[in-house]
Amino acid sequence: MLCRSSTKLLNICIASLCRAHSLEKAESVIADSIRLGILPNVVTYNTLIDAYCQLVGVDAAFCVLDRMREAGIRPDVISYNSLMAGAAKEGLLPRLEGLFDEMCQKGINPDVWSFNTLMHCFFASGKPDEATKIFWYIMNNDLSPSPATFNIMINGLCKNNYADYALTLFWYLRSCGFVPQLITYNTLINGLCKAGRVQAAKRILKELGESGNAPNAITYTTVMKCCFKYKQFRHGFEILLDMERKGYTFDGYAYCTVIAALVKEGRTKEATDYMEQMMRSGIQLDIVSYNTLINLYCREGNLEAVSKLLCDMEKRGLECDKYTHTIMINGLCRSGDIKRATEHLYSMNMEGFDSKLVAYNCVVDGLGKAGQIDHAMEMFKSMERKDTFTYSSVVHNLCKARRYSCASKLLLSCLRNGLKLLDSAQQAVINGLYSSGFPSEAKRLRSIIRTAQMLRY
DNA sequence: CTAGGGTTAG
């Protein structure tokens, strides 16, 4: 009895240390307890597994599973769920599936959270079909879906470009008696706005109002961003005013949404006003806020103010992320300093950032704009990943350099691969072929573009 | 464990 209540105390202590990110201290407390004869139980180890997943990684957490077995304690469904959540967080789908199989083999029955995590990871890995199978497996086998099951499903469908299915599913589930949470409404409204389904988003917003839930700061920011996306600036500003009145501008989300939207429009003066308003209200800047402001200063060509912000960040112990670097590279390109932009891009390579696609696109485009089409093509060929921006930029700049035949070949290969380029880039090729004395090639290209469009829809 | 803000559009 004494021992059991001591272990309970130990677990409270370990949980608290883990929350404070003090893993070493937690380990030493466990070691001391064992010496005193107070043995950790399954809860102690599960707490540790969860903490290692969040603070170190799934590999480190897996070592705890081994230690647990050595101590003669059988891992349970929570141990495995924590490990799977850790794998999901790192995007390790095969690892997660392995853990799921291992759990089943050891006779531990997966619960709804095991399935939720599996579903979430399938969606995050761009496998909506697999995720959907899991969802219907939960539903058809009556594995008592949790509210999060529905939220993960609706969010996953939206993030994988199936906002329409998400909407249909929402109404279907409603008809079965499912009661959406605020988070469900927010998820769906965001997905519909991003998919351009503004009318449907408004309908869900109305539904939210009638559901008895009060819209929160997230609802407001989501709708406000949608207004800016569709150029309804006045309506957007009204929403911000409303948020200020309701006390929903306690963090940088709302202000950064407005500032970024204005910068995109080239309205840097107004953006600066909002920036000052944000600073006056004493909001602690986070990395996203810094990036938003650095982008604003880059647009204004105020590189001095950019350096000042970077110094601030360093003092606060905030590290630049891939967005910071990309924003700076883009800013350097805009100011015509392609050399420094290229150097910055290579320093990003050295530091081992995983996704540099946008940064490369900026430099390739910058080189083209600066008339260095050969350098642009060289960099283009060296890129391991390319997207519609890469091709649109290169095609456009080839046209600018009057290399219509080369541009046309590249455009045709994109069409064959089902990649849609910006209309302006396609038009530039057609116009170029016409004006340089190849009207029949231009006509042929136009008809191929039309066919590709028809096949897409 | 599931919802909102930041980068490229020539």
Side-chain angles (χ1 to χ4, degrees), chain A residues 50 53-54 78 81-82 84-86 88-89 112-121 123-124 146-156 158-159 180-191 193-194 215-226 228 243 248-249 251-261 263-264 278 285-296 298-299 321-331 333-334 355-366 368-369 387-390 392-400 421-425 428:
Chain A
D50 195 51
C53 279
Q54 280 175 40
I78 297 173
N81 283 353
S82 295
M84 292 197 302
K89 195 171 156 235
V112 70
W113 268 112
S114 322
F115 287 104
N116 283 352
T117 308
L118 193 55
M119 204 168 88
H120 176 222
C121 200
F123 274 128
S146 65
T149 310
F150 301 113
N151 296 336
I152 292 169
M153 180 68 181
I154 288 173
N155 184 45
C158 289
K159 295 277 151 72
Q181 302 170 301
L182 178 56
I183 180 169
T184 322
Y185 287 105
N186 285 347
T187 306
L188 190 55
I189 291 167
N190 184 44
C193 284
K194 286 199 170 141
N216 64 3
I218 296 179
T219 324
Y220 277 84
T221 325
T222 305
V223 176
M224 185 172 69
K225 183 170 172 146
C226 187
F228 291 135
M243 290 185 77
Y248 282 165
T249 45
D251 60 19
Y253 275 79
Y255 287 116
C256 287
T257 306
V258 178
I259 293 167
V263 170
K264 224 176 206 126
M278 175 166 95
L285 301 185
D286 62 5
I287 180 68
V288 176
S289 310
Y290 275 110
N291 288 342
T292 310
L293 302 188
I294 290 172
N295 190 41
L296 166 58
C298 278
R299 269 289 186 125
D321 64 5
K322 70 168 181 195
Y323 286 96
T324 325
H325 291 297
T326 307
I327 289 165
M328 304 257 300
I329 288 167
N330 187 38
C333 286
R334 272 178 182 278
S355 122
K356 299 165 296 259
L357 178 60
V358 178
Y360 266 97
N361 285 348
C362 292
V363 177
V364 167
D365 191 54
K369 276 200 186 110
D387 67 359
T388 161
F389 279 101
T390 326
S392 295
S393 165
V394 167
V395 166
H396 199 273
N397 281 308
L398 282 169
C399 289
K400 225 180 78 181
L421 299 198
L422 283 181
D423 288 338
S424 61

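Letters A, B, ... mirror the listed sequences (proteins, then strands); counts begin at 1.
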Donor-acceptor pair present, [X] side chain and [N] base, under 3.5 Å:
X: A:T222; N: B:dG4; value: no
X: A:D365; N: B:dA9; value: no
X: A:D286; N: B:dG5; value: yes
X: A:S289; N: B:dG5; value: yes

Among [options], which nucleotide has an atom closest to any side-chain atom of [X]?
X: A:A217; options: B:dG4, B:dC1, B:dT2; answer: B:dG4
X: A:T326; options: B:dT2, B:dT7, B:dG4; answer: B:dT7
X: A:T257; options: B:dT2, B:dT7, B:dG5; answer: B:dG5
X: A:I327; options: B:dT7, B:dG10, B:dT8; answer: B:dT7
X: A:L182; options: B:dT7, B:dG5, B:dA3; answer: B:dA3
X: A:H120; options: B:dG5, B:dT7, B:dT2; answer: B:dT2
X: A:S393; options: B:dT7, B:dA9, B:dG10; answer: B:dG10
X: A:N361; options: B:dT8, B:dT7, B:dA3; answer: B:dT8
X: A:S392; options: B:dG10, B:dA3, B:dT8; answer: B:dG10
X: A:D251; options: B:dT8, B:dG4, B:dA3; answer: B:dG4

Give the rounded distance in Å between these two atoms: [atom1] of [X] and [atom2] of [N].
X: A:I78; N: B:dC1; atom1: CD1; atom2: C1'; answer: 13 Å
X: A:D387; N: B:dG10; atom1: CG; atom2: P; answer: 15 Å
X: A:W113; N: B:dT2; atom1: CH2; atom2: P; answer: 8 Å
X: A:N151; N: B:dG4; atom1: CG; atom2: P; answer: 12 Å
X: A:I329; N: B:dT8; atom1: CD1; atom2: C1'; answer: 11 Å
X: A:N216; N: B:dG4; atom1: CG; atom2: C1'; answer: 8 Å
X: A:F123; N: B:dA3; atom1: CZ; atom2: P; answer: 12 Å
X: A:Y255; N: B:dG4; atom1: OH; atom2: P; answer: 21 Å

Who passes side chain to side chain contact (heavy atoms under 4.5 Å, CB included) against A:S114, sequence neighbours left out?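 So A:S114 forms a side chain to side chain contact (heavy atoms under 4.5 Å, CB included) with A:V77, A:N81, A:M84, A:F100, A:M103, A:P110, A:D111.
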Only counting residues at least two apart or in another chain, list the ones meeting side chain to side chain contact (heavy atoms under 4.5 Å, CB included) with A:Y360.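 Once residues adjacent in sequence are excluded, the partners of A:Y360 under the side chain to side chain contact (heavy atoms under 4.5 Å, CB included) criterion are A:L345, A:Y346, A:N349, A:K356, A:M379, A:M383.
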Would you please test A:C298 and A:I327 for side-chain contact (heavy atoms from CB on, under 4.5 Å) and show each step? CA-CA 8 Å; A:C298 278; A:I327 289 165; 4.3 Å; yes
Would you find a donor on one side and an acceptor on the other, under 3.5 Å apart, between the side chain of [X] and the backbone of [Y]?
X: A:S392; Y: A:L422; value: yes
X: A:T187; Y: A:I183; value: yes
X: A:D365; Y: A:N361; value: no

[N] OP1/OP2 closer than 4.0 Å to side-chain N/O of [X]:
X: A:K194; N: B:dG5; answer: yes
X: A:K159; N: B:dG4; answer: yes
X: A:K225; N: B:dG5; answer: yes
X: A:N190; N: B:dG4; answer: yes

Using a 4.0 Å heavy-atom cut-off, does [X] contact any base of the nucleic acid, only the sugar-phosphate backbone, or nothing at all?
X: A:D321; result: base
X: A:I152; result: sugar-phosphate
X: A:L293; result: nothing

Is the CD1 atom of A:I78 crowded by more than 12 outside heavy atoms at less than 6.0 Å?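 It does not: A:I78 CD1 has 12 such atoms or fewer within range.
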For the base of B:dG4 and the side-chain ring of A:Y253, does the geometry meet a stacking cutoff of under 5.5 Å between centres and under 30° between planes?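 Yes, aromatic ring over the base.
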